[in-house]
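Scroll down for the structure; my scribbles are underneath it.
The figures that follow rest on heavy atoms only: side chains count, while hydrogens, waters and symmetry mates do not. Whatever order the structure lists them in is the order used to number ligands and atoms, beginning at 1. If you read the sequence from its start, that first residue is 1, and numbering goes on from there.
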Amino acid sequence: MINEGEEGALVEEWVELDNGCICCTVKHSLVQALEQLVQRKERLDHILLETTGLANPAPLASVLWLDDQLESSVKLDSIITVVDAKNLPYQLKMQRDSSSFPEAYLQIAFADVVILNKVDQASANQLEELEKEMRSINSLTKIIRSTRCQVELSMILDCQAYDSEHVAHLEALLEENRSLTTEELHDVGVRTICISEKQKLDLDKVRTWLEEILWDKKYSMDIYRCKGVLNIKNSDQLHTLQGVREIYEIVPAREWRKDETEMSKIVFIGLNISPWVLLFGLNWLDFLMMGDVFYAGKLLNQEVLRDCLRDCTA
Ligand SMILES: Nc1nc2c(ncn2[C@@H]2O[C@H](COP(=O)(O)OP(=O)(O)OP(=O)(O)O)[C@@H](O)[C@H]2O)c(=O)[nH]1
């Protein structure tokens, strides 16, 4: 850490961690070290943690988010991924065609913000294609184009992506997606699915449904991230859902406003997401699908949905 000392001199300070990878072996001592830092410094606004280019963000995200719930002084604000506009198409293709550990996919799937860097090295068409591909992996992410990573700090700090009460972005996203059309469904890989439903949900049943998906990994779906607003039976409160891997939280956030439509909107980002399996679960929650489902950024129409359900119950 570099700080300003007496008479403006720069003072370098180090906090030493045991040897090991911060996303595996030393994740708990990392949290302790961060807390120590916060206690020692009065003027610490943000901590930017840079992992290696091969890191899997999942363990770090879970441990920092969990710590936030335990009222630690360190709070996870957002995960930012820098991608290279020139090389990303090659990396995604390589990982799609092999069974290797999909770091590039994981890092996009977990990103709350993607900085699409080196845009001077790609054509307008290539950039558009890349953004489309990234949005099909993670529709929730905010993409910022840059050269030499020059971005407004206000765009990457204070995003509150893990804040239970901060759902404005999610609501905007689901509105935004409405104009998309139906396309292919048979797609494997890391994808986003967005589900909206008008009927009120039974909270206990939603929990059971989520736990089957997140904990029991029903039908081999591997969910990295989930977020949502929920319209719960016998409650006048808008509830929010936040989840990172197996950990999830549903909390009443605020009363529904008069000008908003009371409905549930849930987003899952993960590997091998099967729309029909999720819908089968939803059907079991006792409601007919009245709302919309978007898969990899594309709207599935009601006919396709009904076919999915028929397939599941046959
Ligand atoms: N043309 C172009 N080159 C860039 C841009 N951003 C970075 N570079 C160049 O890309 C090379 C790699 O940049 P680094 O910033 O060291 O890349 P890095 O991935 O952070 O490297 P690590 O130190 O391994 O983390 C350098 O030669 C940079 O000058 C960009 O927007 N456009």
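- At under 3.5 Å, not a single nitrogen or oxygen of Thr147, backbone or side chain, sits near a nitrogen or oxygen of ligand 1.
- Inside a 4.0 Å radius of atom 31 (O) of ligand 1 there is at least one protein heavy atom.
- Salt bridge status for Asp222 with Arg245: present, with a side-chain N to carboxylate O gap under 4.0 Å.
- Between Arg145 and Glu128 no salt bridge is recorded (no basic side-chain N to carboxylate O distance below 4.0 Å).
- With ring centers used as reference points, Trp209 lies under 6.0 Å from Phe268.
- For atom 3 (N) of ligand 1, a protein heavy-atom neighbour is present inside the 4.0 Å cut-off.
- Counting protein heavy atoms under 4.0 angstrom from atom 18 (P) of ligand 1 gives zero.
- In this structure, Arg225 is positioned above the aromatic face of Tyr162, its NZ or CZ under 6.0 Å from the six-membered ring centre and within 45° of the axis.
- Close contacts of ligand 1 with Asp120, meaning ligand atoms under 4.0 Å from a residue heavy atom, involve 1 (N), 2 (C), 30 (C), 31 (O), 32 (N).
- Note on Asp202 versus Arg207: no salt bridge recorded, every NZ/NE/NH1/NH2 to OD/OE distance being 4.0 Å or above.
- Salt bridge status for Asp84 with Lys86: absent, with no side-chain N to carboxylate O gap under 4.0 Å.
- In this structure, atom 28 (C) of ligand 1 has protein heavy atoms in its sub-4.0 angstrom surroundings.
- The protein does not reach atom 22 (P) of ligand 1 closely, with no heavy atom under 4.0 angstrom from it.
- Looking from atom 20 (O) of ligand 1 to the surrounding protein, the closest heavy atom is Glu50 OE2, 5.0 Å.
- Near Gln121, meaning under 4.0 Å from any of its heavy atoms, are these atoms of ligand 1: 1 (N).
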Go through the steps to decide whether Glu212 and Lys217 satisfy the test salt bridge (charged side-chain N to carboxylate O under 4.0 Å, His left out), and finish with yes or no. CA-CA 6 Å; Glu212 277 183 357; Lys217 311 253 176 263; over 6 Å; no

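- Thr147 and Asp120 are not linked by any side-chain donor-acceptor pair at a separation below 3.5 angstrom, with hydrogens and angles left out of the test.
- Between Lys118 and ligand 1, at least one pair of N/O atoms sits closer than 3.5 Å.
- Close contacts between ligand 1 and Asn117 involve ligand atoms 5 (C), 6 (N), 31 (O) [criterion: under 4.0 Å to a heavy atom].
- For atom 8 (N) of ligand 1, the nearest protein heavy atom is under 4.0 Å away.
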